[in-house]
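Just so we're clear, the structure is a prediction, and the values are computed from it rather than from any experiment.
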Amino acid sequence: MWPDRRLIDLFKTEFPIVLAPMAGVMDAELVIAVAEGGGLGSLPSAMLSPEKAREQVNIIRQRVKAPVNMNFFCHTPVDLTAEAEARWKQRLAGYYTEHGLDPAAPINAANRAPFDASFCEVVEELKPEIVSFHFGLPDASLLKRVKAAGCLVISSATTVKEAVWLEQHGVDAVIAQGVEAGGHRGMFLTDKISEQPGTFALVPQVVDAVKVPVIAAGGIADGRGIAAAFALGASGVQIGSAYLRCPESKVSAGGRKALAEARDDSTVITNVMTGRPARGVQNRLMREAGPISPDAPPFPHAATALVPLKAAAEKQGRVDFTNLWAGQAIALGREVPAAELTRDFAKSALARMKALAG
């Protein structure tokens, strides 16, 4: 019934729907629920230790017989200079004072490590059916090991040039990430935010430029969006924000309230939360220090100094310093169990495509 079955046949899933890996707001529980609903569950692993990643995958394997996608970052680490750290702490000083916090107190560094040999060993041991990357691809030797373990490889492209590069470097499918998408921009061949195309413009151009299946991402939150993606030539979709209000997500109570109240104009692309451009629900820090600030140190160091501020505000039920990554269609999200939501996505998309064909 699907007009393009390439992704279904590649991933061996019931539906061509991929759960976007959303680090910090989900774990194995949401992966399992989406898999039970017929989609591909994705485990965000970039902020996990190898031990925690093993534990999470084992939980998934015990609960469902379904393919698993492990997702990793593959950015090039940049050291935090004393000057950059001092400038950022100075910018945040007023917030520390307001919350009675000591800016000189030690803080654990932000845990957003790129894919390396230790993570590669975990992949070789666990053999997830799919491994996805953000910010390009890892070193060729590591990528070769991932493929040798029998894993399919996918990655995000924010431009046609990036999509072609990914295909040339051996990916099995490309995620075309429109500017509407929540979370970090997957950009790796450009740093020009103002030039990032939207999903509706990006997907058909990527489809024309590559031979591998294309997964549309960004602003897709219901059957209408899925049908539109297929009309543009996509073989599947990646959906994240629409799952944030599901009971299986780990979003805080304050975060859920902010998501429920969000509108079409509630999200912005910002660098003040981590040091790298990402789309999320606008909060106090984004409004007052950004959304794009030259004071923000490079990824992921901007996040480190925010840890105590985030904790202090969340204790008061506020999300002033919380990175609620979400896309522009966040208002379409619903409080529905993830398995049910996934099946509804598929059912409504097929009905919409049938109606359009008629």
Side-chain angles (χ1 to χ4, degrees), residues 1-22 30-42 64-69 129-130 132 152 154 172-178 180-182 198-208 210-249 264 327-358:
M1 295 172 67
W2 294 94
D4 184 334
R5 289 189 54 87
R6 288 193 297 163
L7 203 71
I8 292 173
D9 294 338
L10 185 66
F11 290 166
K12 306 290 191 296
T13 54
E14 184 179 357
F15 304 130
I17 297 172
V18 179
L19 167 66
M22 299 178 286
L30 187 56
V31 176
I32 292 164
V34 170
E36 289 175 337
L40 174 65
S42 304
V64 288
K65 294 186 183 303
V68 175
N69 170 32
E129 287 75 9
I130 298 99
S132 64
L152 297 169
I154 61 177
D172 297 286
V174 169
I175 302 163
Q177 187 194 31
E180 301 94 326
T199 306
F200 212 82
L202 179 64
V203 171
Q205 295 184 76
V206 170
V207 169
D208 288 349
V210 302
K211 294 182 174 63
V212 296
V214 174
I215 302 165
I220 302 168
D222 60 15
R224 293 170 295 183
I226 297 171
F230 273 84
L232 296 173
S235 301
V237 298
Q238 179 170 277
I239 300 176
S241 304
Y243 286 105
L244 287 174
R245 293 171 63 199
C246 293
E248 296 89 353
S249 92
D264 62 313
Q328 289 182 325
I330 186 59
L332 297 176
R334 291 181 285 150
E335 294 179 19
V336 177
E340 179 185 334
L341 190 60
T342 305
R343 287 190 291 268
D344 183 66
F345 285 155
K347 181 181 178 181
S348 57
L350 288 169
R352 177 71 56 160
M353 285 187 275
K354 183 178 180 180
L356 291 171

(request) Search all heavy atoms of P67 against all heavy atoms of L40 and return the closest pair with its distance. (result) O-CD1, 3.6 Å
(request) Report the distance from atom CD1 of I239 to atom CG of D222, rounding to the nearest 0.5 Å. (result) 8.0 Å
(message) Would you say that P21 contacts Q238 through its side chain, given a criterion of any heavy-atom pair below 4.5 Å between the two side chains?
(response) yes
Result block: side-chain N/O donor-acceptor pairs under 3.5 angstrom for residues 7-20, not counting sequence neighbours:
from: K12; atom 1: NZ; to: D9; atom 2: O; distance (Å): 3.0
from: T13; atom 1: OG1; to: F15; atom 2: O; distance (Å): 2.9

(message) Listing request: all ring-ring contact (aromatic ring centres under 6.0 Å, His included) pairs with a residue in residues 224-243, at least two apart in sequence or in separate chains.
(response) W2-F230, Y243-F345
(request) Write down the atom of R245, the atom of G333, and the distance for their closest heavy-atom approach. (result) NH1-O, 2.9 Å
(message) Does any part of the side chain of P247, heavy atoms only, come nearer than 4.5 Å to the side chain of E335, both counted from C-beta?
(response) no
(request) Please report the C-alpha distance between I175 and I154 in whole Å, then the side-chain angles of each, then the deciding distance to 0.1 Å, and finally whether the side-chain contact (heavy atoms from CB on, under 4.5 Å) criterion is met. (result) CA-CA 7 Å; I175 302 163; I154 61 177; 4.0 Å; yes
(message) Applying side-chain hydrogen bond (donor to acceptor under 3.5 Å, both in side chains) as the test, list every pair that has at least one member in residues 30-42; sequence neighbours left out.
(response) S42-N69
(message) Restricting to non-hydrogen atoms, name the atom on A35 and the atom on A66 that form the minimum distance, rounded to 0.1 Å.
(response) CB-CB, 3.9 Å
(request) Could you pull out all residues at least two apart from E129 that satisfy salt bridge (charged side-chain N to carboxylate O under 4.0 Å, His left out)? (result) R61
(request) Could I get the full list of side chain to side chain contact (heavy atoms under 4.5 Å, CB included) partners for D344, not counting sequence neighbours? (result) R334, S348
(message) Does any part of the side chain of L332, heavy atoms only, come nearer than 4.5 Å to the side chain of R224, both counted from C-beta?
(response) yes
(message) Please check this pair: side chain of S241 against backbone of G327, looking for a donor-acceptor N/O pair closer than 3.5 Å.
(response) yes
(request) Work out which heavy atom in I220 is nearest to a heavy atom in G225; give both atom names and the distance. (result) CG2-C, 3.8 Å
(request) Calculate, to the nearest 0.5 Å, the distance between atoms CE and CE belonging to M353 and M1 respectively. (result) 8.5 Å
(request) Could you tell me whether the side chain of T342 and the main chain of A338 form a donor-acceptor pair under 3.5 Å? (result) yes
(request) For residues L232 and V207, report the shortest heavy-atom separation together with the two atoms involved. (result) O-CG2, 4.0 Å
(request) List for me each residue that meets side chain to side chain contact (heavy atoms under 4.5 Å, CB included) alongside E180, sequence neighbours excluded, and say none if there are none. (result) T199, Q328
(request) Measure across P337 and C246 and return the closest heavy-atom pair with its distance rounded to 0.1 Å. (result) C-SG, 4.3 Å
(request) Report the distance from atom CG of D4 to atom OG of S235, rounding to the nearest 0.5 Å. (result) 3.5 Å
